[in-house]
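The structure appears right after this line, and notes come after that.
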Protein chains: 2
Amino acid sequence: MNQKLPTIKEIARRLNVSVSTVSRALSDHPRIGAATRERVKQLAKELNYEPNAQAIFFKQKKTHVVGVILPYIREEFFSEAISGIEMVALEHEYTILFGQSYDDVEKEKEVVNAMRRQRVDGLIISPSKTTLRYDHIEALDNYDIPVVYFDRVPLSEKANRVYCNVYQGTIEMVGWLFNQGYRRIAFINGPDKIAASRDRLNGYIEGISRQKLKVDMQLVENTDLTKESTQDAVAKLLALKQPPNAIITFNDYVHMDAVQYADKQHIKVNRDIIFVSYANLPITAYTANPPLASLEQYPYAQGEKAMKMIIRLMNEKNAETQEAVFLSEEILPTLVINQYQPR
Amino acid sequence: MNQKLPTIKEIARRLNVSVSTVSRALSDHPRIGAATRERVKQLAKELNYEPNAQAIFFKQKKTHVVGVILPYIREEFFSEAISGIEMVALEHEYTILFGQSYDDVEKEKEVVNAMRRQRVDGLIISPSKTTLRYDHIEALDNYDIPVVYFDRVPLSEKANRVYCNVYQGTIEMVGWLFNQGYRRIAFINGPDKIAASRDRLNGYIEGISRQKLKVDMQLVENTDLTKESTQDAVAKLLALKQPPNAIITFNDYVHMDAVQYADKQHIKVNRDIIFVSYANLPITAYTANPPLASLEQYPYAQGEKAMKMIIRLMNEKNAETQEAVFLSEEILPTLVINQYQPR
DNA sequence: TTTGCATGCGCAGTCGGTTGCACAGGCTCA
DNA sequence: TGAGCCTGTGCAACCGACTGCGCATGCAAA
């Protein structure tokens with residue numbers, strides 16, 4: 001087969017006109033006569049002509065490639081998110097250059113640099129949990145590459161961001177637990193340097209206060225998200241003089257490690273102590289002890305919004321707009337109550 | 001900041017040489033004098049010059065973009081696979097254009113066409129379970145776009161493929177069950193049109209025969225991979241006069257649906273009936289009833305091999321090699337026995 | 001008849017590299 | 001001393017599209 005892809009030149013040759021005429025005819029330039037325009041369009045259709053996007057991007061000094069860096073794609077939260085990103089990217093003829101940091105800041109730096117070398121037009125990133133400084137990401141500013149932070153956003157306000165308002169969600173969560181009659185509500189939070197943890201903690205404190213309960217910091221533990229660290233946190237809570245009767249965990253993965261450990265300690269999960277969590281992953285439905293409630297954070301919608309935001313930023317870059325206006329999009333989470341009976 | 005990226009032209013201007021000299025100096029062309037070569041390389045380093053890959057690819061009529069189409073990225077098997085693909089792609093400066101078929105052949109066609117329009121240099125695809133004809137994929141041949149089928153490979157031999165030998169794995173699985181003392185071994189297979197199902201079934205039949213057992217097709221059911229269909233299959237097996245005491249399921253997702261249903265029917269999972277499966281997904285460790293054994297199919301390694309294969313094919317394309325030689329890579333699976341006590 | 005303007009189209013440069021070919025200068029060897 | 005060769009460098013075309021500018025032609029108004 002091996003049919004040569006038709007170019008604008010080929011059309012010009014066949015119609016005995018110049019390439020510029022063909023180019024203008026195809027883009028409805030007013031100075032091209034109607035007859036010529038139609039002849040060109042007709043032949044273009046017959047030949048199945050499709051403009052070479054690479055050539056156009058090259059001329060425009062664009063790649064139409066957007067970098068996406070996530071910690072782990074195998075986590076359902078992130079794979080849902082990338083699905084949303086992908087959908088919008090395909091619609092707008094953008095290509096995704098995808099990379100994982102595996103929650104390691106050094107690997108993250110490598111990937112960021114690889115993407116810079118590939119001259120991505122923009123970057124969507126959910127930083128690794130070990131990323132405390134953002135220099136390597138902010139350096140992209142020097143190359144005029146806009147960045148959107150996603151889900152895990154930096155504490156600083158000087159960044160474009162899409163995130164879920166877990167502060168509000170956590171207040172709602174605590175309120176729900178209170179209404180169910182629980183009073184000793186513990187919290188296993190994530191690494192305390194990251195914004196996701198800060199928001200949860202603030203929501204927790206606010207939620208507890210609104211119910212006129214006393215905030216007891218003994219009930220708040222942290223995990224670095226590894227299985228061992230999570231189990232340590234559970235152990236400490238169980239060892240309290242007055243152990244909690246409800247535990248909120250950082251996310252469903254932490255939840256799974258936590259209840260697995262609690263189960264081993266002969267705690268009747270969701271009876272002796274009830275567990276609630278964040279993320280609302282479908283997979284938890286299959287687990288031995290799903291969370292009684294989980295906060296849906298709409299990762300797909302977050303991905304869509306992040307992609308739309310980066311597209312907007314990349315377009316504004318051309319327009320040479322004002323300095324230092326940062327975009328921010330917030331998604332409101334929903335507390336999903338599981339319909340199941342604990343064993 | 002907004003530092004202009006240095007070009008070859010800029011270097012030429014500063015050193016008062018021509019761009020061709022700079023280009024050749026940087027690529028160690030033998031006709032360039034040592035002194036000139038060093039001056040050029042020196043300045044290139046100082047300016048942090050990095051060649052514009054887009055320009056080079058454009059000249060070479062390549063995009064360095066590889067399309068990857070998978071059914072669902074949220075399935076751990078596929079997200080592991082894409083990690084392997086990504087790793088090799090980053091190393092070789094390839095970009096991934098990623099798309100999901102959501103196991104729907106119509107969506108798959110759309111994505112394939114979008115990728116063709118974007119002029120991907122090659123395609124890695126794991127076809128949807130509703131893909132029975134491959135015309136839309138084979139059409140890429142007309143555009144000289146090589147295709148590698150991955151995991152779910154077509155029955156026809158006329159295709160490049162990377163897959164796991166589940167035929168052998170299934171024989172091993174049946175043998176293991178036999179050695180554990182099980183004699184009525186049932187099988188819940190996937191859609192019977194796809195190669196993955198055919199290989200499993202053949203392996204099952206061969207495995208049963210090798211143990212001098214009689215193949216009883218009453219013990220073989222199919223599921224279209226939906227929860228309902230899987231539950232129907234389990235129900236039929238449970239309703240047999242002589243129900244099975246071991247059930248092999250198509251993969252870990254089918255397994256989860258199957259044991260969830262069996263549990264509801266008051267079957268003591270992995271006591272009354274033991275369950276074994278394919279994929280060995282980490283997530284099953286958290287579920288109420290993990291498979292007693294699962295066949296590890298090494299999706300990451302499969303992804304790596306697929307990417308390496310497509311790179312090889314894309315390079316051969318230039319070399320105008322012989323017609324119709326198809327590459328094939330097989331991975332041997334491993335039966336992983338779970339270390340846990342059923343409840 | 002000349003001027004002026006609208007219409008229709010082509011030339012050539014541009015983006016950032018690569019590459020075939022030409023050419024100048026110096027050297028060696030018959 | 002001239003033929004032939006090697007070395008070092010530049011010119012210009014090329015990839016596929018876009019685009020500023022200029023040049024015809026035709027027609028209407030002066």
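Everything numeric here is computed off the predicted structure, so don't read it as measured data.
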Just to confirm, is there a sub-4.0 Å distance from OP1 or OP2 of [N] to any side-chain nitrogen or oxygen of [X]?
X: B:Thr7; N: C:dC15; value: no
X: B:Lys59; N: C:dG16; value: no
X: A:Ser23; N: D:dC18; value: yes
X: B:Thr36; N: D:dT9; value: yes
X: A:Tyr49; N: D:dG16; value: no

Go through [options] for me and flag the one nearest to the [X] side chain.
X: B:Lys9; options: D:dG16, C:dG16, C:dC9; answer: C:dG16
X: A:Asn52; options: D:dA17, D:dG10, C:dG16; answer: D:dA17
X: A:Ser18; options: C:dG20, C:dG10, D:dA17; answer: C:dG10
X: A:Ser20; options: C:dG16, C:dT19, C:dG10; answer: C:dG10

Rounded to 10 degrees, the angle between the two terminal axes of the helix from C:dT1-D:dA30 to C:dA30-D:dT1, each from five pairs: 70°
Separation of atom NE2 in B:His29 from atom P in C:dC21, rounded to whole Å: 12 Å
Atom-pair distance (NZ on A:Lys62; C1' on D:dC18), nearest Å: 16 Å
Base D:dG10 paired with B:Arg24 side chain (donor-acceptor, <3.5 Å): yes
